[in-house]
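Please read the structure below before turning to the comments.
What you are looking at is a predicted structure, and each value in this text was computed from that prediction instead of being measured. No hydrogens, no waters, no symmetry mates; every other heavy atom, side chains included, goes into these values.
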Amino acid sequence: MRIETIITDAVTRFLTEKGIDKPDGSLIQIQKTRKEFRGDLTLVVFPLIRLMKKSPQEAGEELGKYLMDLHVIGDFNVVKGFLNLIVESSYWTRFVAQYAGDDDYGIIRPGADRETVLVEFSSPNTNKPLHLGHIRNNLLGYSISLILQANGKDVKKVNLVNDRGIHICKTMLAWQKWGENKTPSDAGLKGDHFVGDMYVRFETAYRAEVNKLVSDGMSEDEARVEAPLIKEAREMLRMWEADDPATVELWKMMNGWVYEGFDVTYKRLGVSFDNIYYESETYHKGKSIVLDGLNKSVLKRREDGSVWADLRERGLDEKLLLRSDGTSVYITQDLGTAVLRQKDYKADRMYYVVGNEQDYHFKVLSLILDELGYEWAGSLEHISYGMVELPTGRMKSREGKVVDADNLIDEMIETAGKLSRELGKLDGLSPSEKEDIVRIIGMGALKYFILKVDPKKNMVFNPEESIDFNGNTGPFIQYTHARICSLLKKAGDQVIKLGDADLSGVILSEKETRVAALIHEFPAIVAEAGKSCSPALIANMIYDLAREYNQFYHDHPVLKEENKAVRDFRLLLSSLTRRVIMRGMGLLGIEVPEKM
RNA sequence: GGUUCCGUAGCUCAGUUGGAUAGAGCAACAGCCUUCUAAGCUGUGGGUCCCAGGUUCGAAUCCUGGCGGAAUCACCA
């Protein structure tokens with residue numbers, strides 16, 4: 001049984017024996033003892049003094065004496081209203097021995113009664129390559145999927161590709177005009193970059209047209225609508241929606257190029273999906289749902305033909321669902337996608353990993369689904385994450401102020417390689433081993449940097465300074481892992497068989513206790529990370545563990561320890577630390593090398 | 001203007017239902033490799049937790065009001 005439970009039970013028992021018949025669980029607060037005091041766990045006695053009718057000091061002493069009867073509590077002290085408890089070494093040694101060889105430590109395998117949950121993430125537009133903002137989205141979505149899985153859920157990862165609309169037509173038109181019939185391989189570019197360049201070509205030319213019209217005396221708003229290029233693009237969208245064969249053919253070809261490019265980036269990022277939905281296939285469904293709502297009089301059609309949902313009674317505004325010309329808007333297809341998915345998976349919960357700029361959109365989405373009578377409307381959950389900003393401010397695609405995903409990945413790996421060579425860390429390894437390790441380190445640095453931040457918060461990314469390989473970073477944790485691997489390998493035959501170790505009599509040092517206590521928390525952290533959909537909780541805990549372990553490693557000999565029981569314990573502790581680091585980093589989608 | 005989110009060290013970030021003297025890393029400075037990987041470890045300096053009230057035995061955390069920032073409120077996505 002976990003020690004927190006043992007203590008809570010004992011305190012409850014104590015109170016009951018005292019005739020206090022209502023020991024509310026929330027009054028029993030156990031936390032880690034702060035560093036400056038002696039002890040492992042601390043019981044806060046303030047909430048109990050009213051029940052016990054004693055001073056904090058007296059109440060603490062009395063409880064401390066009572067808890068001493070538990071075989072797991074070795075000593076205690078009371079400071080003001082805090083009862084600090086010293087846990088017996090035997091509790092920790094038993095705990096470490098029990099889990100040192102357990103691959104499933106900290107995770108829950110899905111059972112028969114498992115919930116099915118759906119996680120949507122990535123959701124790219126097919127008119128430009130992925131950038132830093134997409135990286136945060138992909139890493140968060142993938143990690144959250146893994147974390148939910150570790151909490152026993154049956155997780156389906158889905159992508160929703162925004163593959164249609166005016167922005168796609170812009171790239172098609174630009175290619176027709178200036179693409180010279182070239183393919184990405186002709187141009188020597190990844191498909192998504194090639195198409196992205198077409199988009200930029202369009203926007204540049206369009207901008208020039210608008211400027212010209214404005215200087216000729218037209219208003220800015222009018223010019224945006226009247227520019228010949230945008231008219232052509234709109235005509236192309238109309239052709240596309242009318243299933244014009246040539247237009248559809250062009251659309252298929254160019255989207256194909258983009259997908260090839262995306263696949264490469266996804267693979268490098270290490271993310272994958274169980275299913276991919278395409279907006280071009282779901283927006284029809286969205287339209288029919290809206291028309292259905294119209295028939296049921298849940299929605300209203302205005303005189304100009306546009307269709308609206310009226311959410312004013314529910315604290316929001318009116319929302320457009322179909323344009324006056326009958327074409328669909330963004331939320332229309334999201335309605336369709338949601339309904340299709342629910343039909344496909346009958347998920348207990350549908351998570352959407354989407355930036356916080358769309359908070360309002362998702363409020364509206366689930367309200368409309370509710371209005372339309374879908375009883376699962378409440379199971380939608382928007383995992384809203386903050387923007388990634390540059391030191392100069394927000395990233396702006398139109399101003400070219402973006403950090404390209406592929407470039408960034410290249411740079412990370414390059415830096416990792418350079419550093420490895422300088423430190424001579426990989427001397428003597430084969431080229432393919434080197435390449436593998438360098439990739440793992442570079443990606444580890446990038447992923448950890450992004451995932452260690454609370455998803456809800458905006459974060460600042462400084463291309464020059466942000467990515468580091470020392471301190472609170474992925475490589476620091478990976479290094480700790482590699483060190484332990486090396487240690488365990490050296491231990492070789494010395495490694496005791498599980499269960500053979502006689503650890504009785506081993507007294508833990510302060511550092512050893514801290515390492516063990518952190519590992520002890522891991523399952524609770526995984527659970528909390530699942531509840532709050534926050535990989536950052538795991539990242540920070542694993543960092544703490546690596547830091548504490550490095551201190552332990554610095555201060556204590558392991559293989560050179562002469563006392564066999566102590567040496568065995570330290571090996572087991574190291575082995576378990578390695579396992580938790582690997583598992584924890586695994587939940588972030590980060591690999592850990594055995595050497596570095 | 002309405003709504004939502006945010007404000008912690010020079011910088012990037014932790015701080016789990018309210019708990020002790022608010023913590024890490026980076027940057028700066030000073031140390032530690034003939035000993036299990038120095039991508040490590042140790043030390044020093046650095047704070048009006050945006051401000052003001054309130055609730056409480058106790059507030060960075062909860063409430064109210066300011067100030068500052070971001071997002072959103074499109075027949076864009």
Side-chain angles (χ1 to χ4, degrees), chain A residues 26 29 31 33-37 42 44-47 49-50 56 79-82 84 123 125 162 165-167 279 302 304-308 315-317 319-325 327 329-331 333-334 355-361 363-364 384 386-387 389 391 393-394 416 419-420 422-423 425 441 445 449 452-454 456-462 465-466 468-473 475-480 482-491 521 524-525 528-529 531-532 534 536-537 539-540 543-544 546-547 550-551 553-561 570 574 595-596:
Chain A
S26 68
Q29 296 176 19
Q31 54 193 244
T33 303
R34 294 182 67 93
K35 253 189 271 185
E36 55 268 37
F37 301 97
T42 295
V44 186
V45 301
F46 286 111
I49 55 178
R50 205 175 298 164
V79 181
K80 293 190 231 166
F82 298 91
N84 300 318
S123 316
N125 291 348
N162 187 258
I166 188 76
H167 52 300
E279 188 188 324
R302 288 189 183 168
D304 62 5
S306 57
V307 180
W308 296 74
L316 299 176
D317 217 329
K319 181 79 182 174
L320 175 88
L321 299 181
L322 284 181
R323 295 191 186 98
S324 49
D325 65 1
T327 57
V329 290
Y330 181 52
I331 199 160
Q333 65 82 19
D334 251 344
N356 62 15
E357 55 195 350
Q358 293 191 34
D359 285 354
Y360 183 73
H361 172 81
K363 257 183 219 161
V364 171
S384 167
M387 300 289 98
E389 288 167 10
R394 196 183 175 189
L419 207 53
S420 297
E422 280 170 9
L423 294 170
K425 289 287 186 179
I441 295 170
F449 180 81
K452 76 173 176 187
V453 180
D454 181 345
K456 292 199 304 282
K457 294 192 174 178
N458 288 359
M459 61 180 290
V460 176
F461 179 87
N462 185 329
E465 297 167 17
S466 285
D468 209 323
F469 292 75
N470 303 309
N472 187 357
T473 67
F476 170 90
I477 297 167
Q478 291 171 321
Y479 176 73
T480 308
R483 255 183 166 181
I484 300 175
C485 286
S486 167
L487 183 73
L488 294 175
K489 197 175 169 196
K490 284 225 168 80
E521 281 179 41
I525 298 286
E528 183 58 34
K531 258 183 227 142
S532 56
S534 174
L537 297 178
N540 285 305
Y543 168 66
D544 284 340
R547 198 161 47 91
N550 278 330
Q551 291 170 18
Y553 180 90
H554 183 266
D555 293 351
H556 303 299
V558 179
L559 300 175
K560 291 182 178 148
E561 170 59 44
R570 288 179 183 166
S574 300
K595 301 171 191 167
M596 70 181 271

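- In this structure, A:K35 places its NZ atom 8 Å from C1' of B:G23, rounding to the nearest Å.
- Of the possible donor and acceptor atoms, none in the side chain of A:K319 sits under 3.5 Å from a partner among the backbone N and O of A:V364.
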A:R483 vs A:N550, test: side-chain contact (heavy atoms from CB on, under 4.5 Å). Steps then yes/no.
CA-CA 9 Å; A:R483 255 183 166 181; A:N550 278 330; 2.9 Å; yes
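- Within 4.0 Å (heavy atoms only), A:S420 reaches at least one base atom of the nucleic acid.
- A:N125 comes within contact range of the sugar-phosphate backbone alone, with a heavy-atom separation under 4.0 Å but no base atom that close.
- Two residues are said to be in side-chain contact when any heavy atoms from C-beta on lie closer than 4.5 Å; A:S534 and A:K456 fail this criterion.
- Of the possible polar contacts, one joining the A:N458 side chain to the A:M387 backbone as a donor-acceptor pair under 3.5 Å is found.
- A:K457 has its NZ atom 8 Å from the C1' atom of B:C6, to the nearest Å.
- Within the 4.0 angstrom heavy-atom criterion, no nucleotide atom of any strand lies near A:D334.
- Between the side chains of A:R302 and A:S306, no donor-acceptor pair is found at a separation under 3.5 Å.
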A:Y330/A:H361 under side-chain contact (heavy atoms from CB on, under 4.5 Å): CA gap, chis, key distance, verdict
CA-CA 9 Å; A:Y330 181 52; A:H361 172 81; 3.4 Å; yes
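- B:U44 and B:A28 make up a base pair, with Watson-Crick or G-U wobble contacts both under 3.5 Å.
- With both ends at atom C1', the span from B:G53 to B:G43 equals 42 Å, rounded to whole Å.
- Across all strands, A:L419 comes closer than 4.0 Å to base atoms (heavy-atom distances).
- When the P atom of B:G25 is taken as reference, atom CZ of A:F449 falls 16 Å away, rounded to whole Å.
- Heavy atoms of A:Q478 sit nowhere under 4.0 angstrom from any nucleic acid atom.
- Taking atom CE of A:M459 as the reference point, atom P of B:A71 lies 17 Å away to the nearest angstrom.
- Which of B:G25, B:A77, B:A14 sits closest to the side chain of A:H167 comes down to B:A77.
- Rounded to a whole angstrom, the distance from the C1' atom of B:C57 to that of B:C67 is 32 Å.
- Straight-line distance from the NZ atom of A:K80 to the P atom of B:G58: 13 Å, rounded to whole Å.
- Looking at A:R323 and A:D325, no side-chain N of the basic residue comes within less than 4.0 Å of a carboxylate O on the acidic one, giving no salt bridge.
- Here the nucleotide nearest the side chain of A:Q551, chosen from B:C41, B:A77, B:U12, is B:C41.
- With sequence neighbours excluded, no residue satisfies side-chain hydrogen bond (donor to acceptor under 3.5 Å, both in side chains) with A:T473.
- Applying the 4.0 Å criterion to OP1 and OP2 of B:G69, one finds that A:R394 has every side-chain N and O outside that range.
- A:F476 comes within contact range of the sugar-phosphate backbone alone, with a heavy-atom separation under 4.0 Å but no base atom that close.
- Nucleic acid contact class of A:T327 (heavy atoms, under 4.0 Å, all strands): none.
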Protein heavy-atom contacts under 4.0 Å, written 5' to 3' over nucleotides 26-37 of chain B as B (base), S (sugar-phosphate only) or - (none), form the string S--------SBB
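- In this entry the distance linking CZ of A:R50 with C1' of B:C57 reads 8 Å, nearest Å.
- Base orientation of B:C6: anti (glycosidic angle beyond 90° from 0).
- Within the 4.0 angstrom heavy-atom criterion, base atoms lie near A:I441.
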Contacts under 3.5 Å, N or O only, protein and nucleotides 17-19 of chain B:
residue : atom : partner : partner atom : Å
B:G19   : N7   : A:Q29   : OE1          : 3.1

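- Residue contacts shown for A:E528 are absent, as no nucleic acid heavy atom lies under 4.0 Å away.
- In this model, no side-chain donor or acceptor of A:N550 finds a partner on the base of B:A38 within 3.5 Å.
- Remark on RNA chain B: of its neighbouring residues A:T42 and A:R323, the 5'-side contact belongs to A:T42, judged by nearest-heavy-atom nucleotide.
- Note: A:F449 and A:F461 meet the aromatic proximity criterion, with ring centroids under 6.0 Å apart.
- A gap of 8 Å separates the P atoms of B:C50 and B:U61, to the nearest Å.
- Rounded to whole Å, atom C1' of B:C76 lies 11 Å from atom CG of A:L320.
- Rounded to the nearest 0.5 Å, atoms CG (A:N472) and OH (A:Y543) are 5.0 Å apart.
- Judged by Watson-Crick or G-U wobble contacts below 3.5 Å, the nucleotide B:U17 has no partner.
- Phosphate proximity of B:U4 to A:K456: absent, as no side-chain N or O sits under 4.0 Å from OP1 or OP2.
- Atom P of B:C62 sits at a distance of 22 Å from the matching atom of B:G68, rounded to the whole Å.
- Each of A:V79 and A:D454 has a nearest nucleotide on RNA chain B; the 5'-most of these lies closest to A:D454.
- Rounded to an integer number of Å, the gap from OH of A:Y543 to P of B:C41 is 7 Å.
- Looking only at distances, no side-chain donor or acceptor of A:S486 sits under 3.5 Å from a matching main-chain atom of A:A482.
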